[in-house]
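Counting convention: from 1, in listed order, for ligands and their atoms alike. Quick caveat: nothing in here was measured; it's all calculated off a predicted structure.
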Amino acid sequence: EMFTSVMSVKQAVFAERQLLDYLRTYLENEIQRLDDIKRFFSRVTSLHSGIYNDPSATIANPIVAFKLVKRLKSEWMNVVHSNEAQENIDGLREGYRRMEGSLPKLEDLQGAAQGLMRLQDVYDLHVEGLVRGHFQQITNGNAVDIYKPPVSDTLSGDDCFLIGKVSYDLEDYYHSVQWFEEAVRLFRGTEWSPENEGTLEDALDHLAFSHFKVCRVHFNVEKYEKLLDESPPVTNQSLVLKRPDSTNLRTRNVYEKLCQTKGSQPKHFENPSLFCDFFTNGNPGLLLQPIKRELISLHPYVVLFHSFVTRAEAKSIREYAVPGLRRSVVASGVNQSTAEYRISKSAWLKESAHGVVGKVDQRITMVTGLNVQPPYAEYLQVVNYGIGGHYEPHFDHATSDSSPLYRLKTGNRVATFMMYLSSVEAGGYTAFIYANFSVPVVENGALFWWNLHRNGQGNVDTLHAGCPVIVGDKWVANKWVHEYGQEFQHRCSLNPEE
Ligand SMILES: O=C(O)CCC(=O)C(=O)O
Ligand SMILES: [Fe+2]
């Protein structure tokens, strides 16, 4: 599940370096082997253009005759039946086999392809742009960069073919049509390569079937043949692709808009009850270095603390979490399971005695007044997002009595304290769907909000999401505070309105 965390993808770079070493050895051995054969070839060729030009005279020489017989009986056989080629390829395959455990699996390829398609959808990216390594939207007929990466790469025909194939296998013909069209266009201009999975014919074949599925009419053979013959790229202008509707279309539209923009985040000057200040919470520990507080929203109550952790603290928490990173799970009935809608890896830092984690816990208590010691809060959860990693709209608090969150026996998650432990080049906003605003990743900052009303009911306005990361290695850490132990900080109320 390498694709679920950029951290794990980074490790794949080392695996490929090792493979390069094996391939280099293989190539050197093969070049050596062919050089040896070439030497034999030249030697025998020169005999035939030299002393054998007068065969009757030469063959009479017993030495020459012996050498001819020996060559034909022995040397040719040794050359033709050499095992060296086999030994070389076996060596390469053995090296590859040793590496196999640390190489991506089929699910990683599928996950990475789906990550790209997720970016395409959520940020409304233009496929031709992606193929050229650009993150672009079409606005009034012009391609506009939403992010210009300093380093980039382009996609080949075969890359597009595989992305198309992933969606095709999932019967998602909306995406497969678009990617196969690109594959066809690119395959046309390039030669076959040994590393390719597909060919122009494969791409056309799959494109034709995808078209048929999208249009629900037979893609006529005539058109198909025309596609084969035509040399300029074929983009099917007549076909207007419609993205399949999802069950939660309303939240999807708002969610995607909030990922692309900050939404209707109220400006502080428009709403005087929103403000920024230096905050000590009356705590002597913060007197010398108050926290920069920005009140972002009143309903729900959301606060952003700037520079909540130092860069060094963020780094050591990330490093401390790496060995424990596992595919993130979500509550599913009484259990937990992995889900498409949460693509990341996470680690629970149970050793809160560890210096930095303890210090951060203390600081959360100073700023919020909340008791963050287990079992009144959960261990710190550190999260690293993957390729197009995201967390679709969800509540942090339990919405069903059977939720595994109640195992701590300290009630529901009354509040969330979420720290951004990295910056992100593009994407990855935290979006509050019903509240209609989003917060971009603020490196070393922390977001705080109450999940529950004072009456203990979940506040539906806290529905929130982590938008897909376009480019970057996004890390966050969650401290979820439970109801029990906070009675004096978050007083309860019987008022159904509170
Ligand atoms: O990554 C984000 O911005 C949000 C993460 C989140 O909501 C969560 O981990 O529960
Ligand atoms: Fe959340």
Side-chain angles (χ1 to χ4, degrees), residues 4-7 115 118 122 251 255-256 258-260 262-263 265 296-297 300-305 308 314 317-318 321 325-332 336 338-349 377-399 403-405 412-435 437-452 458-470 472-482:
T4 60
S5 139
V6 167
M7 180 69 220
R118 183 176 311 124
V122 173
T251 52
Y255 168 55
E256 294 180 354
L258 290 173
C259 289
Q260 296 175 24
K262 291 188 206 166
Q265 199 181 70
I296 292 199
S297 158
Y301 184 81
V302 180
V303 186
L304 175 63
F305 296 106
F308 181 78
I317 296 174
R318 290 193 314 256
L325 287 176
R326 301 285 178 276
R327 172 87 187 255
S328 298
V329 290
V330 294
S332 155
Q336 297 185 311
T338 62
E340 263 301 292
Y341 70 83
R342 187 180 190 194
I343 298 293
S344 59
K345 282 198 166 92
S346 45
W348 295 97
L349 300 190
E378 294 168 49
Y379 295 119
L380 189 67
Q381 184 193 51
V382 181
V383 184
N384 180 219
Y385 286 91
I387 301 170
H390 69 155
Y391 194 170
E392 283 184 10
H394 66 279
F395 295 113
D396 284 355
H397 60 270
T399 49
S403 167
L405 296 184
N412 207 341
R413 284 174 175 167
V414 69
T416 296
F417 196 93
M418 189 188 83
M419 292 164 263
Y420 295 110
L421 300 182
S422 71
S423 61
V424 162
E425 276 72 37
Y429 290 10
T430 306
F432 286 79
I433 314 303
Y434 296 139
F437 69 86
S438 55
V439 183
V441 173
V442 177
E443 186 175 12
N444 305 328
L447 266 190
F448 171 83
W449 68 89
W450 297 107
N451 292 306
L452 306 182
N459 181 350
V460 289
D461 288 335
T462 63
L463 188 78
H464 64 282
C467 294
V469 178
I470 303 178
D473 185 11
K474 179 182 173 187
W475 291 79
V476 300
N478 289 304
K479 190 76 186 175
W480 282 302
V481 186
H482 283 228

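Under the 3.5 Å distance criterion, the side-chain polar atoms of Asn384 are left unmatched by any main-chain donor or acceptor of Ser344. In terms of modelled atom types and a separation under 3.5 Å, the side chain of Asp461 and the main chain of Ala435 share no donor-acceptor contact. Not a single donor-acceptor pair under 3.5 Å links the side chain of Ser297 to the backbone N or O of Val302. Lys479 contributes a side-chain N or O that, together with a main-chain N or O of Glu378, makes up a donor-acceptor pair within less than 3.5 Å.
Under the side chain to side chain donor-acceptor pair (under 3.5 Å) criterion, Thr416 pairs with Asp396, Asn451, Trp480, sequence neighbours left out.
Here the shortest heavy-atom pairing between Gly427 and Val441 reads O-CG2, 4.4 Å. Here the shortest heavy-atom pairing between Met419 and Leu380 reads CE-CD1, 3.7 Å.
Within the structure, side-chain hydrogen bond (donor to acceptor under 3.5 Å, both in side chains) pairs that include any residue of residues 421-435 comprise Tyr420-Thr430 (at least two apart or interchain).
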Which protein N or O atoms sit under 3.5 Å from any N or O of ligand 1? Give each pair with its distance.
unit_1: ligand 1; atom_1: 1 (O); unit_2: Tyr385; atom_2: OH; d: 2.6
unit_1: ligand 1; atom_1: 1 (O); unit_2: Lys474; atom_2: NZ; d: 2.8
unit_1: ligand 1; atom_1: 3 (O); unit_2: Thr430; atom_2: OG1; d: 2.5
unit_1: ligand 1; atom_1: 3 (O); unit_2: Lys474; atom_2: NZ; d: 2.9
unit_1: ligand 1; atom_1: 7 (O); unit_2: His394; atom_2: NE2; d: 3.1
unit_1: ligand 1; atom_1: 7 (O); unit_2: His464; atom_2: NE2; d: 3.0
unit_1: ligand 1; atom_1: 9 (O); unit_2: Asn478; atom_2: ND2; d: 3.0
unit_1: ligand 1; atom_1: 10 (O); unit_2: His394; atom_2: NE2; d: 3.1
unit_1: ligand 1; atom_1: 10 (O); unit_2: Asp396; atom_2: OD1; d: 3.2

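Note on the Fe ion (ligand 2): protein N, O or S atoms under 2.8 Å away count 3, no waters included.
Counting heavy atoms from C-beta on, the side chains of Arg342 and His390 never come closer than 4.5 Å.
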